[in-house]
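Below you'll find the structure, written out as structure tokens, and then a few comments.
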Amino acid sequence: MNIAAGVLLIIAAIFNVMAGCTYAVGGAVAGGLGDMADEMASNPDFQAGLEAEGAEMPSGDSMKAAGAGLATWGFALFGIAGIMIGGAVCAFTKKKKGFVLVTGVLAIIAEGVGIVLIGFGIGNVVGLLAGILSFVAVKSFPSPAAAAA
């Protein structure tokens with residue numbers, strides 16, 4: 001079970017790196033659009049066109065805040081991916097039971113946040129399964145008492 005957990009943790013880490021890139025770039029784009037919205041808000045011709053169509057422009061500050069949040073989560077996913085790779089190595093070698101447990105918890109939390117932000121997809125299944133298998137794999141690790149005897 002530890003091999004399956006390790007392999008799934010590595011696959012989920014790869015998915016998290018790709019998702020982290022997407023969130024970081026998406027956050028940067030949203031921040032840039034927030035700057036553009038601030039510039040357009042001061043343009044009287046643009047404002048007249050919006051009023052004529054009955055449209056409302058979102059505030060630049062809210063777009064910048066959303067962009068900063070997305071970019072921050074993207075960079076957090078890079079860190080979580082690194083931890084997942086370390087947890088996979090520990091699962092393969094059946095060492096550091098606590099670290100593998102923490103890795104499983106982080107994998108489940110990362111997938112939960114991804115589900116809330118974007119929605120449920122196949123990548124989430126891999127991460128959730130990797131987190132659950134981490135808990136199952138820890139049961140096969142040798143106990144410290146058995147190693148001392």
Side-chain angles (χ1 to χ4, degrees), residues 1-139 141:
M1 197 55 66
N2 61 324
I3 301 295
V7 168
L8 284 175
L9 281 171
I10 289 174
I11 292 170
I14 292 169
F15 285 171
N16 281 343
V17 167
M18 292 187 298
C21 290
T22 303
Y23 283 121
V25 170
V29 168
L33 290 175
D35 286 338
M36 286 177 57
D38 287 342
E39 288 178 21
M40 292 296 175
S42 63
N43 185 343
D45 294 333
F46 183 75
Q47 291 298 326
L50 280 178
E51 289 175 9
E53 292 184 21
E56 190 175 310
M57 186 158 173
S59 95
D61 291 336
S62 67
M63 292 174 72
K64 289 179 195 176
L70 286 175
T72 301
W73 177 244
F75 291 120
L77 280 178
F78 293 146
I80 291 171
I83 291 170
M84 290 172 87
I85 291 171
V89 170
C90 291
F92 289 141
T93 60
K94 291 189 176 184
K95 294 182 180 174
K96 308 238 187 244
K97 186 183 288 192
F99 186 71
V100 175
L101 286 174
V102 169
T103 302
V105 169
L106 281 176
I108 291 171
I109 289 172
E111 298 308 325
V113 172
I115 290 169
V116 168
L117 289 177
I118 300 295
F120 188 76
I122 188 69
N124 299 111
V125 171
V126 173
L128 290 171
L129 190 58
I132 292 168
L133 283 181
S134 296
F135 293 122
V136 175
V138 166
K139 292 184 178 184
F141 285 22

Does some side-chain heavy atom of Val105 sit less than 4.5 Å from a side-chain heavy atom of Phe135? yes

What pair of heavy atoms forms the shortest contact from Gly34 to Met63, and how long is it? CA-CB, 3.8 Å

Could you measure the distance from the CG atom of Leu77 to the OG1 atom of Thr72? Nearest 0.5 Å is fine. 11.0 Å

If you round to the nearest 0.5 Å, how far is CD1 of Ile80 from CH2 of Trp73? 4.0 Å

Less than 4.5 Å apart, any side-chain heavy atom of Ile118 and any of Tyr23? yes

Count the heavy atoms belonging to other residues, nucleotides or ligands that lie under 6.0 Å from CE of Met18, then report whether that count exceeds 12. yes

For the student: nearest non-hydrogen atoms of Gly31 and Lys64, plus distance: O-CG, 4.0 Å

Inspect the surroundings of NZ in Lys97 and state if more than 12 heavy atoms from other residues, nucleotides or ligands are less than 6.0 Å away. yes

Checking side-chain contact (heavy atoms from CB on, under 4.5 Å) for the pair Asp38/Asp61: CA distance, chi angles, key distance, verdict? CA-CA 8 Å; Asp38 287 342; Asp61 291 336; 4.3 Å; yes

Separation of Ile11 CD1 from Leu129 CG (nearest 0.5 Å): 10.0 Å

Sort out for me which residue in Val116, Asn16, Leu106, Val126 forms a side chain to side chain contact (heavy atoms under 4.5 Å, CB included) with Glu111. Asn16

If you round to the nearest 0.5 Å, how far is CG of Leu9 from CZ of Phe92? 8.0 Å

Separation between CG (Leu8) and OG (Ser134), nearest 0.5 Å, reads 8.5 Å

On a heavy-atom basis, the closest approach of Gly6 and Ala88 is O-CB, 3.4 Å

Is there a donor-acceptor pair closer than 3.5 Å between any side-chain N or O of Asn124 and the backbone N or O of Gly121? yes

Check: Asn2 side chain, Lys94 main-chain N or O, donor-acceptor pair, under 3.5 Å: no

Nearest heavy atoms of Ala4 and Leu133, plus distance in Å: CB-CD1, 4.2 Å

What heavy-atom pair brings Phe99 and Cys90 nearest, and what distance separates the two atoms? CD2-SG, 3.8 Å

For the pair Phe141 and Thr93, evaluate side-chain contact (heavy atoms from CB on, under 4.5 Å) and give the outcome as yes or no after the intermediate values. CA-CA 9 Å; Phe141 285 22; Thr93 60; over 6 Å; no

